S.K.: 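This is the structure, below, for whatever I ask next.
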Amino acid sequence: MADSRTTTLYALLTAAAAAGAASTVVCWHLNKSKSKSKPKPKPKPTSRQISHGVTELIGNTPLIRINSLSDHTGCEILGKAEFLNPGGSSKDRIALYLIEQAELRGELHPNASNCIFEGTSGSTGISLAMVARAKGYLCHIVMPSDQAVEKSQLLQRYGATVERVPPCSIVDKGHFVNVARQRAAEYAGGAYFVDQFENLLNAQAHYEWTGPEIWAQVRGRMDAFVHGSGTGGTIAGVARYLKEQNPRVRCYLADPQGSGLANKVNHGVMFADSEREGTRRRQQVDTLVEGVGLNRMTRNFARLFSTTTRRSKGGAGSGSGSGSGVADADAVRMARWLVAEDGLFVGSSAAINCVAAVRVAKMLGPGHTVVTVLADGGQRHLTKFWSDEAMTGLGHDVQAPASLDEFLE
């Protein structure tokens with residue numbers, strides 16, 4: 001015999017259907033003394049669904065496990081995917097931070113023909129041009145003429161004035177940074193010279209922003225941070241923040257061929273093999289890697305160097321990390337390895353970071369966590385670093401290596 005409550009429910013449903021009811025809600029508790037718990041509410045969104053302009057897309061980039069490197073070394077090698085910023089690189093952060101700081105100081109006023117000037121190898125310029133366009137400023141970028149032409153093309157699409165000058169020493173008034181400074185001094189409509197190499201707000205941006213993001217993403221569990229130095233802002237700002245959270249985190253410099261910074265960190269002397277008489281091919285750092293490597297100390301890097309040296313009686317490389325020089329050939333092959341094994345299409349600075357990260361992981365041994373930065377993608381390096389014709393012309397093997405052990409030789 002059917003339960004009377006079931007019969008009653010069936011009757012109610014039949015009656016509702018027969019009456020052509022648009023909708024019927026039936027609440028029925030089989031046993032009121034043992035009622036079912038209420039359904040859990042759907043989780044609320046944890047972030048804003050609508051960003052107010054392109055500048056709100058900057059930052060909060062993912063930290064990804066680079067599977068091939070991690071599996072080979074037995075360490076967790078994690079890459080901060082800065083190429084996912086809207087301007088395509090980590091430089092978006094300093095572009096926004098430095099411009100907003102200038103606004104707070106009253107040095108910049110939007111939609112008033114104010115112009116932002118900077119000397120850059122390309123990525124900072126692209127980020128500045130993007131932010132300038134979004135905020136109502138003009139932008140004038142001066143860059144070395146030997147940088148990939150697609151960087152100039154991107155700058156022009158953002159509406160920036162682009163001036164390419166022959167590469168030369170920083171002591172030469174024709175150096176791209178010095179030319180940018182001069183152009184700012186000549187401009188009558190309200191100029192702001194960013195001066196990323198010497199402006200300590202560069203490192204401050206990464207101290208307040210990039211460092212805390214990394215620390216939160218690893219949940220306070222990491223052993224080493226690896227990064228190159230161009231302006232020195234990223235490595236100085238991030239290293240400072242991480243060291244404050246845990247002094248045992250070691251910070252390592254990834255330094256391209258021709259740069260003297262690794263030798264400075266390891267031995268206290270600014271020197272690169274390419275500086276030997278009769279060996280230098282270029283006026284600047286003798287490397288095909290763009291955006292990192294110098295033969296001088298910027299204010300941002302000098303502050304990091306002096307801090308780590310004071311902390312260690314044995315020098316900057318003792319107890320705090322060290323510098324790892326990366327040959328151009330290794331950068332080229334690591335980039336090809338990453339796209340073949342992980343589907344990561346990265347630029348030259350990210351490639352040297354990953355070479356150094358593998359070396360650090362092997363030195364530390366399995367079970368450690370090593371964090372680095374994938375500063376930009378390969379799209380802005382197509383005519384040089386990612387051109388097989390250009391690289392083979394320089395004598396480089398453009399095939400991915402058979403094993404990561406080749407980077408340890």
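Small disclaimer: the values here were computed from a predicted structure and weren't measured.
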S.K.: For atom CD of Gln156, is the number of surrounding heavy atoms from other residues, nucleotides or ligands below 6.0 Å larger than 12?
M.R.: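 Enclosed: over 12 neighbouring heavy atoms sit under 6.0 Å from CD of Gln156.
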
S.K.: If every non-hydrogen atom of Gly174 is compared with every non-hydrogen atom of Val179, which pair is closest and at what distance?
M.R.: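 That closest heavy-atom pairing would be O-CG2, 3.5 Å.
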
S.K.: What I want to check is whether the side chains of Gln217 and Lys80 have a donor and an acceptor closer together than 3.5 Å.
M.R.: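 Side chains of Gln217 and Lys80: pair found under 3.5 Å.
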
S.K.: Has Ser70 got a side-chain atom pairing as donor or acceptor with Ile77's backbone, closer than 3.5 angstrom?
M.R.: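 Side chain of Ser70 to backbone of Ile77, a donor-acceptor pair under 3.5 Å: yes, one is there.
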
S.K.: So, do Phe345 and Trp386 have ring centers that fall under 6.0 Å from each other?
M.R.: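 Centroid distance Phe345-Trp386: below 6.0 Å, so yes.
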
S.K.: If I compare all heavy atoms of Val194 with all of Asn199, which pair ends up nearest, and what's the gap?
M.R.: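 Looking at all heavy atoms of both residues, the closest pair is O-ND2, 3.2 Å.
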
S.K.: In terms of the angle between their ring planes, are Phe385 and His381 parallel, tilted or perpendicular, with boundaries placed at 30° and 60°?
M.R.: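 Phe385 and His381: perpendicular rings.
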
S.K.: Between Val289 and Gln257, does the side chain to side chain contact (heavy atoms under 4.5 Å, CB included) criterion hold? Intermediate values first, please.
M.R.: CA-CA 8 Å; Val289 176; Gln257 174 181 313; over 6 Å; no

S.K.: For Ser259 and Asp255, what are the C-alpha separation, side-chain angles and deciding distance, and is it a side-chain hydrogen bond (donor to acceptor under 3.5 Å, both in side chains)?
M.R.: CA-CA 6 Å; Ser259 174; Asp255 209 31; 2.8 Å; yes

S.K.: Can you find a heavy atom in the side chain of Glu341 that is under 4.5 Å from one in the side chain of Asn67?
M.R.: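 Not in contact.
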
S.K.: Can you tell me if Thr55 and Lys135 form a side-chain donor-acceptor pair at under 3.5 Å?
M.R.: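 Thr55 vs Lys135: no donor-acceptor pair found between side chains.
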
S.K.: Quick one, His368 with Glu76, criterion side-chain hydrogen bond (donor to acceptor under 3.5 Å, both in side chains). Give me CA distance, side-chain angles, the key distance, then yes/no.
M.R.: CA-CA 6 Å; His368 292 85; Glu76 291 296 289; over 6 Å; no

S.K.: Just by distance, do the side chain of Arg133 and the backbone of Tyr158 share a donor-acceptor pair under 3.5 Å?
M.R.: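 Yes; at least one donor-acceptor contact below 3.5 Å.
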
S.K.: Could you tell me whether Arg219 atom CZ has more than 12 heavy atoms of other residues or ligands within 6.0 Å of it?
M.R.: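 Incorrect, the count does not exceed 12.
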
S.K.: Is Arg240 positioned over the aromatic face of Phe301, cation under 6.0 angstrom from the ring centre and no more than 45 degrees off axis?
M.R.: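 No.
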
S.K.: Do Ser89 and Ser127 come close enough that some side-chain heavy atom pair is under 4.5 Å?
M.R.: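 Yes, side chains in contact.
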
S.K.: Considering all heavy atoms of both residues, which atom of Ala356 and which atom of Ala254 are nearest to each other, and what is their separation?
M.R.: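 That would be CB-CB, 3.6 Å.
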
S.K.: If you take all heavy atoms of Phe193 and Gly119, which pair is closest and at what distance?
M.R.: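 That would be CE1-N, 4.5 Å.
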
S.K.: With side chain to side chain contact (heavy atoms under 4.5 Å, CB included) as the criterion, how do Arg248 and Asp223 come out once you've worked through the C-alpha distance, each side chain's angles and the decisive distance to 0.1 Å?
M.R.: CA-CA 7 Å; Arg248 290 177 294 182; Asp223 300 288; over 6 Å; no

S.K.: Around atom CD of Glu389, are there more than 12 heavy atoms of other residues, nucleotides or ligands at under 6.0 Å?
M.R.: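 Not buried by this count: 12 neighbours or fewer within 6.0 Å.
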
S.K.: What distance separates His140 NE2 from Leu128 CG, expressed to the nearest 0.5 Å?
M.R.: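 The distance works out to 12.5 Å.
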
S.K.: Determine yes or no for a side-chain-to-main-chain donor-acceptor pair under 3.5 angstrom, with Asn300 supplying the side chain and Ala203 the backbone.
M.R.: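 Confirmed, Asn300 side chain pairs with Ala203 backbone.
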
S.K.: With no hydrogens and no angle check, is any side-chain donor or acceptor of Ser51 less than 3.5 Å from a backbone partner on Gly53?
M.R.: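 No.
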
S.K.: May I ask you to check whether Phe225 and Tyr252 place their ring centres under 6.0 Å from each other?
M.R.: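 That pair fails the under 6.0 Å test.
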
S.K.: List the atom of Pro62, the atom of Leu84, and the distance in Å for their closest heavy-atom pair.
M.R.: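 In this case the closest contact between Pro62 and Leu84 is CG-CD1, 3.6 Å.
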
S.K.: Could you check whether any side-chain heavy atom of Ser403 comes within less than 4.5 Å of a side-chain heavy atom of His72, counting everything from C-beta outward?
M.R.: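 The answer is yes, as the side chains (C-beta and beyond) meet within the 4.5 Å cut-off.
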
S.K.: Counting distance only, does the side-chain N/O of Asp92 pair as donor-acceptor with the main-chain N or O of Gly87 below 3.5 Å?
M.R.: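 Side chain of Asp92 to backbone of Gly87: a pair is present.
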
S.K.: Looking at every non-hydrogen atom in both residues, tell me the closest pair between Gln196 and Thr124 and how far apart they are.
M.R.: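 That would be OE1-OG1, 2.8 Å.
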
S.K.: Is any NZ, NE, NH1 or NH2 atom of the basic residue among Asp328 and Arg333 found under 4.0 Å from an Asp or Glu carboxylate oxygen of the other?
M.R.: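 Salt bridge absent between Asp328 and Arg333.
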
S.K.: Can you measure from CD (Glu163) to OG (Ser145) and round to the nearest 0.5 angstrom?
M.R.: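 OG of Ser145 is found 11.5 Å from CD of Glu163.
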
S.K.: Do you see a donor-acceptor pair shorter than 3.5 Å between the side chains of Gln204 and Glu208?
M.R.: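 Checked: Gln204/Glu208 side chains pair up, N/O donor to acceptor below 3.5 Å.
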
S.K.: When you measure from the side chain of Gln182 to the backbone of Asn178, do you find a donor-acceptor pair of N or O atoms at a distance under 3.5 Å?
M.R.: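 It does not hold such a pair.
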
S.K.: Please walk me through it: do Thr383 and Glu150 pass side-chain hydrogen bond (donor to acceptor under 3.5 Å, both in side chains)?
M.R.: CA-CA 7 Å; Thr383 59; Glu150 50 267 44; 2.5 Å; yes

S.K.: Side chain of Asp397, backbone of Gln399: donor and acceptor closer than 3.5 Å?
M.R.: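 Between the backbone of Gln399 and the side chain of Asp397 there is a qualifying donor-acceptor contact (under 3.5 Å).
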
S.K.: Measuring from atom CZ of Arg157 to atom CG of Leu154, what distance do you get when rounded to the nearest 0.5 angstrom?
M.R.: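 Here the rounded value is 8.5 Å.
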
S.K.: Do Ser152 and Arg164 have side-chain N/O donor and acceptor atoms under 3.5 Å apart?
M.R.: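 The answer is yes; a qualifying pair exists.
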
S.K.: Counting distance only, does the side-chain N/O of Thr392 pair as donor-acceptor with the main-chain N or O of Gly395 below 3.5 Å?
M.R.: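 No, Thr392 side chain to Gly395 backbone: no donor-acceptor pair under 3.5 Å.
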
S.K.: Determine, stepwise, if the pair Asn202 / Thr231 fulfils side-chain hydrogen bond (donor to acceptor under 3.5 Å, both in side chains).
M.R.: CA-CA 8 Å; Asn202 179 345; Thr231 67; 2.9 Å; yes

S.K.: From Ile94 CD1 over to Ile58 CD1, what is the distance, rounded to the nearest 0.5 angstrom?
M.R.: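 The distance works out to 11.0 Å.
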
S.K.: Taking Val142's backbone N and O only, do any of them form a donor-acceptor pair with Glu118's side chain (distance below 3.5 Å, no angle check)?
M.R.: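 No, Glu118 side chain to Val142 backbone: no donor-acceptor pair under 3.5 Å.
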
S.K.: Taking it one step at a time, do Leu338 and Cys354 satisfy side chain to side chain contact (heavy atoms under 4.5 Å, CB included)?
M.R.: CA-CA 9 Å; Leu338 290 171; Cys354 288; 3.8 Å; yes

S.K.: So, Glu103 versus Tyr137: side-chain donor-acceptor pair below 3.5 Å or not?
M.R.: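 Short answer, yes.
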
S.K.: Within the structure provided, determine whether Leu374 and Ile64 are in side-chain contact (heavy-atom separation under 4.5 Å).
M.R.: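 Answer yes - side chains close enough.
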
S.K.: Are the charged groups of Arg93 and Glu82 less than 4.0 angstrom apart, N to O?
M.R.: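 Yes, Arg93 and Glu82 are salt-bridged.
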
S.K.: Roughly how far apart are Leu108 CG and Asn114 CG, rounded to 0.5 Å?
M.R.: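 Here the rounded value is 5.5 Å.
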
S.K.: Rounded to the nearest 0.5 Å, what separation is found between the CD atom of Gln379 and the NZ atom of Lys151?
M.R.: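 Here the rounded value is 12.5 Å.
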
S.K.: Could you go through Leu98 and Tyr192, starting from their C-alpha distance and side-chain angles, then the distance that decides it, and tell me whether this counts as side chain to side chain contact (heavy atoms under 4.5 Å, CB included)?
M.R.: CA-CA 10 Å; Leu98 268 60; Tyr192 171 57; 4.0 Å; yes

S.K.: Heavy-atom distance under 4.5 Å between the side chains of Glu198 and Thr298, does that happen here?
M.R.: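 In short, these two side chains touch, coming nearer than 4.5 Å.
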
S.K.: Indicate yes or no: does Arg65 engage Asp342 in a salt bridge with an N to O separation below 4.0 Å.
M.R.: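 Salt bridge: no.
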
